[in-house]
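Just so you know, these numbers come straight off a predicted model, no measurement behind them. Counting starts at 1 for both ligands and their atoms, following the listed order.
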Amino acid sequence: MSIPLVDLQIQHRQIELEVKEAFERIMTSGAFVLGPDVVEFEKRFAAYCGVPHCVGVANGTDALELALRALGVGPGDEVVLPANTFIATALAVARAGASPVLVDARDGDLLIDPEAVGPAVTSRTRAIVGVDLFGQVAPFEALEQIAADRGLALVEDAAQSQGARRYGRPAGSFGDAAGTSFYPGKNLGAYGDGGAVTTSREDLAERIRRLRNYGSEIKYHHPEAGFNSRLDTLQAAVLLAKLARLDDWNAERRDAAARYHERLRDLDGLRLPTTDAANEPVWHIYQVRVSGRDEVLAKLHDAGIGAGIHYPVPIHLQGAFENLGKTAGAFPVAEAAAQEMISLPIFPGITEAQQERVASVLRAAL
Ligand SMILES: Cc1ncc(COP(=O)(O)O)c(C=O)c1O
């Protein structure tokens with residue numbers, strides 16, 4: 001029995017008819033760019049995140065970059081972010097023209113360590129980006145305090161947390177603005193690239209609406225230089241169909257995580273993921289930790305289990321960010337996690353039998 005890391009076909013089968021009808025309608029109408037489905041999706045996703053504004057953009061990296069730009073982040077500025085995140089968080093900072101300043105994670109839930117953020121702030125710091133890693137919201141109340149005390153902007157990278165909550169507050173509602181990704185494998189995934197910024201700040205929403213559309217509000221009038229970064233109407237139709245089912249699908253992920261916990265908790269040498277008590281995670285990724293990871297991972301792969309690593313190389317050890325001048329040893333928690341993590345298959349619709357098999361192969365491998 002081979003088991004993929006993520007099975008997108010299960011979700012597709014549930015929305016197939018709805019999506020085909022929507023695609024027919026959009027193809028007939030010709031409203032491919034910023035059509036009514038985009039407007040409707042923005043309205044519904046803003047409500048889902050508990051904020052008044054959502055601006056659909058081309059992908060999650062752009063969402064973060066445009067949020068930072070709208071906040072005035074640019075050349076000469078520093079932006080603090082965690083070392084263990086997907087590279088896009090740091091790329092968004094660099095593309096806005098600012099310098100990423102990395103900080104380590106907390107050992108345990110692997111979220112950004114707020115204790116490390118204060119000491120990283122300098123006179124050039126302009127913003128902090130907290131990342132909702134693996135489906136858990138970052139400790140934003142602590143980041144909000146630092147941002148308020150030091151006069152900094154705060155951005156939530158909510159690419160991995162659609163539907164999650166912290167102290168009951170929805171992901172996508174933290175900081176000045178949040179950027180999310182609708183990459184197909186995300187909890188809310190499109191059929192291609194997509195992203196969005198959610199925010200309570202009307203000024204930011206307006207600015208991002210211009211920035212995503214060549215810097216224009218009125219056709220052929222461009223008060224500032226912008227980008228072409230819009231959420232496609234076809235993708236918005238897929239996202240509308242999926243958003244209606246997201247809570248159910250996230251509940252299935254929670255059940256699956258509980259089953260892994262149950263089946264794996266007695267395994268010697270295996271560290272299970274920990275959940276911050278304030279969080280209701282949505283298990284974008286279910287990662288365990290083990291020493292001798294590469295050997296264990298190879299055994300899982302040999303058995304046809306599509307386990308992965310998120311992420312094998314922390315940002316500061318990537319060639320792309322060599323210029324930051326940080327070497328091995330700079331962020332010990334992120335580096336240890338990168339050596340030990342294995343992401344197990346998790347997706348809505350994963351069966352008990354599939355999870356049982358993952359657990360038994362893992363047991364044997366240990
Ligand atoms: C934490 C995080 N930030 C940003 C991104 C970037 O999103 P995208 O791939 O849509 O540009 C992703 C996903 O790919 C992500 O996981």
Ion pair Asp107/Arg271, N-O distance below 4.0 Å: yes

If the plane angle is over 60° it's perpendicular, under 30° parallel, otherwise tilted; pick one for Phe331 and His316. perpendicular

So for Lys186, does at least one of its heavy atoms come nearer than 4.0 angstrom to any atom of ligand 1? yes

Identify whether the distance between the nearest side-chain nitrogen and carboxylate oxygen of Glu42 and Arg209 falls below 4.0 Å. yes

Among Gly189, Gly179, Ala159, closest by heavy atom to atom 15 (C) of ligand 1 is Ala159

Val131 N/O under 3.5 Å from ligand 1 N/O: no

Taking only Lys NZ, Arg NE, NH1 and NH2, and the carboxylate oxygens of Asp or Glu, determine whether Glu262 and Arg259 approach each other closer than 4.0 Å. no

Starting from atom 16 (O) of ligand 1, which protein heavy atom do you reach first, and at what distance in Å? Gln160 NE2, 2.9 Å

CG on Leu246 to CD on Gln11, rounded to 0.5 Å: 8.5 Å

Show the atoms of ligand 1 that are less than 4.0 angstrom away from any heavy atom in Ala88. 4 (C), 5 (C), 6 (C)

Enumerate the atoms of ligand 1 whose separation from the nearest heavy atom of Asn59 is less than 4.0 angstrom. 10 (O), 11 (O)

Quick note on ligand 1: atoms under 4.0 Å from a heavy atom of Thr85 include exactly 1 (C)

The closest protein heavy-atom partner of atom 11 (O) of ligand 1 is Thr61 OG1, 2.5 Å

Is any side-chain N of the basic residue among Arg166 and Asp276 closer than 4.0 Å to the acidic one's carboxylate O? yes

Subset of ligand 1 atoms that lie under 4.0 Å from at least one heavy atom of Thr89: 3 (N)

Tightest non-hydrogen contact, residues Thr180 and Phe45, listed as CG2-CE2, 3.9 Å

Quick look: Asp62 vs ligand 1, heavy-atom contacts under 4.0 Å, and the answer is neither

Starting from atom 9 (O) of ligand 1, find the nearest protein heavy-atom neighbour and note its residue, name and distance. Ser181 OG, 4.0 Å

Which pair of heavy atoms, one from Thr199 and one from Pro52, lies closest together, and at what distance? O-CD, 3.7 Å

Taking heavy atoms and a distance under 4.0 Å, where does Asp157 meet ligand 1: side chain, backbone, both or neither? side chain

